[in-house]
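Take a look at the structure below.
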Amino acid sequence: MSGVDRVVIVGGDAVAWLAALSLQRAFRHRGLQVAVVDTGQGKNTTDARWTLPSLRGMHALIGVQEPEFLRRTGATYKLGTEHIGWQGDGSRFLHAHGDIGTAIGAAPFYKFLLRERIAGRRATPEQYSLAAQAARLGRFARPLEDGEGLKSSFTYAFHVDETAYVEYLREHAARAGIRRVEGAVASIDTSEAGWIRSLRLVSGNDIEGDLFVDCSGLSESERDDWSAWLPCDRLACAISPPLANPPPLTQTTASEAGWTWRVPLAAATAVGHFYCSAFIDDDAALAKLASVAPGARDARVVARFKSGRRRRFWEHNCVALGQAALELEPLAGADLHFAQLGIATLVELFPLDGHSTVEGVEYNRVMAEHADALRDFTIAHYRAGPARPEAFWNATRASPIPVTLAHKLDLYGSNGRIDVRDHESFEEVDWAWLLMGVGDIPGALELQMTTLLESVTAAQMDPLRTQIERLAASMPPHIEYVRHQVSAPMRASS
Amino acid sequence: MRPPLNIVVVGGGTAGWMTAAAFASVLGQRKCRVRLIESSEIGIVGVGEATLPHIRFFNKRIGIDERELMAKTQATFKLGIEFVDWARIGDSYIHPFGAYGSRMAGVPFHNYWLRQRQAGDTTPLEDYSLPIVASRMNRFSLPSEDPSAVLSTFGYAFQFDASLYAAYLRGFAEQRGVQRTDGKIVDVQLRGTDGWIESVKLEDGTMVTGDLFIDCSGFRGLLIEQAMKTGYDEWTKWLPCDRAAAVPCENAGPLTPYTRATAREAGWQWRIPLQHRTGNGYVYGSGFISDDEVASKLLSRLDGKALADPRFLRFTTGRRRKTWNRNCIAIGLSGGFLEPLESTSIYLIQIAITTLLDYLTEAPASAETRFDPRTVDAFNRWIEMEYDRVRDFLILHYHATERDDAPIWNYCRTMDIPDSLKHKMELFRHRARVVTYKDGLFLEPSWLAVYFGQRITPQRYDPLADAVDGAALARKMQQVREQVQTAAVRMPGHEDFLRSYCPAVEPAMTGARA
């Protein structure tokens, strides 16, 4: 065996299909054969998922068009996430997918907000964000793609019905000529050295391949355990009726032993509860879910998991993607994003022959940095700002935070500066949304920033705020915009 | 209004005056008071005659007029560095300030070049780089602002007289309120409670107090090491050179828009062309050659007549354990030393200054808490990262050689290198992939120049590069080559451009030094 001509993907969730479509697109010039051993969607899935804007880039690459996608998956738009109660009852903040204000010379706008807050004056990022204002009003319109004004100051993601999404991707893959074999893996034939030669399915069929992609979900492995920081280990979900005017916004709400979420879909509202079994049992957790979503149906515990990541994602000729690689609560909506990063990195480092190992070393280095950065951003929701009083919330604060996160929070705490390192998905502005949102205000601000902002007054910012309010109010109601998109004719290309 | 920060800069070389000029200009007199202490009896090393394009960001940030700077420092333009005899005797490659071609379908250009080469196309990679082609022709013009133009595919830096640069910055800084004190420091007073610097004492008995002391005193580290015992990490096992001999000579031949680094029997020799003279130096390992031999070899390998006797410097390659320790920050040679093979000396000064400017906060009421240890730690981590990345890149030049004609090359070729570099080289050799990163030096084209230049030949290239149709690719490659060639030929000669743009003016003598 010399070249890598056959890829076998095991799994049946969105990650498996996205991987199949991406690899096939990228290497069709070499005649790469992609087969998916479709093990089904699995029971561990939620009814809905919320994504990050990066999914749109992947959709464009694999030829998924937005109107069709919206129509088929019951999707709605997402301009951000609202986090309620995380810093105590009554607290709430938005993390929008967009800029905060517009730069004041060399100073990012949030520095001005920090100066105001340090001086004891009220100032929130939301007031200066078109995405946030529109989300609050339940309104939406697509941004202008390449302008520089307020209408280009944000981006967007989606809420999707998971089952419909998987079905849609499966069909899309079939149209793209990807071979699908239904069934489950019974045994794996490996070489002495541990390289996979073929999979034997329960049906007795053997599937040979040169590279294997494992999207089969949770498994025991040599892993970094993150449960000391992220102790939630159970997930329950349910479906409730659609909202009259669903906002383009994911909502998470802190509860006694975890947090609940609400995802508005076009024809339903998906709800769920992430919780820690050491502090609440399944029945009580389901009762909690019922209390926040009256009238919900299909309530069930769908997953038991443990936060952490695999030490090595790529070993020999096998690459783990999705939950087989990382188990991270979807607080920041980054689970699918991490899988996308894995797919994109796999495309970039696609092995040249059946026995090379250097790609795996690089892949594992890069993906570990990506994973740890997403972990840090997630943990920061629990650790920054004031604490909630319950025992579960105390437990989330018991262990010292990862050193990379400590470095970030320390620097911010000392001078308001947010340094973003290699392979961090969340940018400076995302951290600004989060840290200002939780009420974490630094002790001082960079001298050069205070100098730059010396002559800038809050009153000067009033026109900007007014303009944002006016633009947000002029957008159509979110659900109307979705309906309009869904009825739009197919375009030749997206 | 809080009181301004009192900054004392110790030492008036390149680092000292860059620091003073930057603080005075960026923060202004209401935010900081800067006093610089230098002794006209102590000479300056005058490092960093050759710079990197990053210096232009520094100039812009502090408001320096480049044209004036160039005219006053006998400056020439720099498009890259030529490396001669590094992998094999007879080799020459240029590390350019700019990219080779441009990405196609998201794939770095060099993969397509490798693909074409495999198909029999023998065009050298440097034909796709405008700064290299222009350098080979001794031509120069300023880059274009239009991103679609081939003239926007490069950056430039300067080669200048470091003493004149310091003098120029002094004038700039003094105009902006920097107080200069001529005096020799005889004592450093540390606060008993916590070891912070309280004041420095001059020979004439004057005590100079301050909030923040910037140690720009050079190799000896008057404050950071002699007074504060901060410690130093040595990297001699990877970079064995520990001395240099420098000598200026008369110009001969055209002024090249690039610096040259020629590998020698016990190190390497630099050549930096300025308007009025050429700077030269031999960086060597004292275990491999004697000072006398270096002097005679160096003098025999000059373009023109020597203008002085060789001046010798000793150094230990490495980094101060903490660049920022309590209320003292080491900037320049006091903070660490990496040989000037990639012209990083001024960059490392600049990055320490700008990072400090980025991190410093408004002074709180109490001096005790003036510098938050969290800020200090973050600053030190940043500087460490910068030094480590430059270090690995320098090691690559020494390690990736086929030379076996001298002990220093045998040592470097076979030495153990840091794992991070080993991995980078392996990945490139395997599939032409460059490990890139967001912060610090160097970007992908730099790694490519040195990998290829040092004869690390990739076995394969990125398979995504095969997706483009062969005939279309050949046409595209030819088009890039022609654009580069045409653009280079249309540029004026480097000397002609200098003469019209920034002819040297006699520097106003400050009397501070010769």
Atom CG of B/Leu443 with >12 non-hydrogen neighbours under 6.0 angstrom: no

Is B/Trp324 close to B/Asp377 at the side-chain level, that is, under 4.5 Å between some pair of heavy atoms? no

For B/Asp392 and B/Ser420, test the side chains for any donor-to-acceptor distance below 3.5 angstrom and give the result as yes or no. yes

Chain B: which of A/Met449, A/Glu348, A/Lys408 shares the most heavy-atom pairs with it under 4.5 Å? A/Glu348

Which distance, rounded to the nearest 0.5 Å, do you find between the CE of B/Met104 and the CG of B/Leu464? 13.5 Å

Quick check on B/Asp466 against chain A: is it the side chain, the backbone, both or neither that has a heavy atom closer than 4.5 Å? both

Taking side chain as everything from C-beta outward and backbone as N, CA, C, O, which of these in A/Leu452 sits under 4.5 Å from a heavy atom of chain B? Side chain, backbone, both or neither. neither

Options B/Met385, B/Arg460, B/Lys424, ranked by heavy-atom pairs under 4.5 Å with chain A, top entry: B/Arg460

Does either side chain, that of A/Gln448 or that of A/Thr451, offer a donor lying less than 3.5 Å from an acceptor on the other one? no

Which portion of A/Val347 sits near chain B, non-hydrogen atoms under 4.5 angstrom: both

Go through the atoms of B/Arg61 and report whether side chain, backbone, both or neither lie under 4.5 Å from a heavy atom of chain A. side chain

Could you tell me which of B/Tyr359, B/Tyr437, B/Phe379 has the largest number of non-hydrogen atom pairs under 4.5 Å with chain A? B/Tyr359

Mind ranking B/Glu426, B/Lys438, B/Gln459 by heavy-atom pairs under 4.5 Å with chain A and telling me who comes out on top? B/Lys438

If we count only N and O atoms by modelled type, under 3.5 Å, do the side chains of B/Glu444 and B/Thr436 hold a donor and an acceptor together? no

B/Trp382 versus B/Glu386, side-chain donor and acceptor atoms under 3.5 Å: yes

Contacts with chain B made by residues 414-426 of chain A (heavy-atom distance under 4.5 Å), listed by residue number: A/Ser414, A/Asn415, A/Arg417, A/Asp419, A/Val420, A/Arg421, A/Asp422

Quick one: do B/Lys422 and B/Asp419 make a salt bridge, cutoff under 4.0 Å? yes

Side chain, backbone, both or neither: which part of B/Leu357 has an atom under 4.5 Å from a heavy atom of chain A? backbone

Side-chain heavy atoms of B/Arg389 within contact of B/Leu441, under 4.5 Å: no

B/Phe23 versus chain A, heavy atoms under 4.5 Å apart: side chain, backbone, both or neither? neither

Check salt bridge (charged side-chain N to carboxylate O under 4.0 Å, His left out) between B/Arg381 and all other residues, then give those that pass, not counting sequence neighbours. none

Cation-pi between B/Arg431 and B/Phe428: NZ/CZ under 6.0 Å from ring centre and within 45° of the ring axis? no

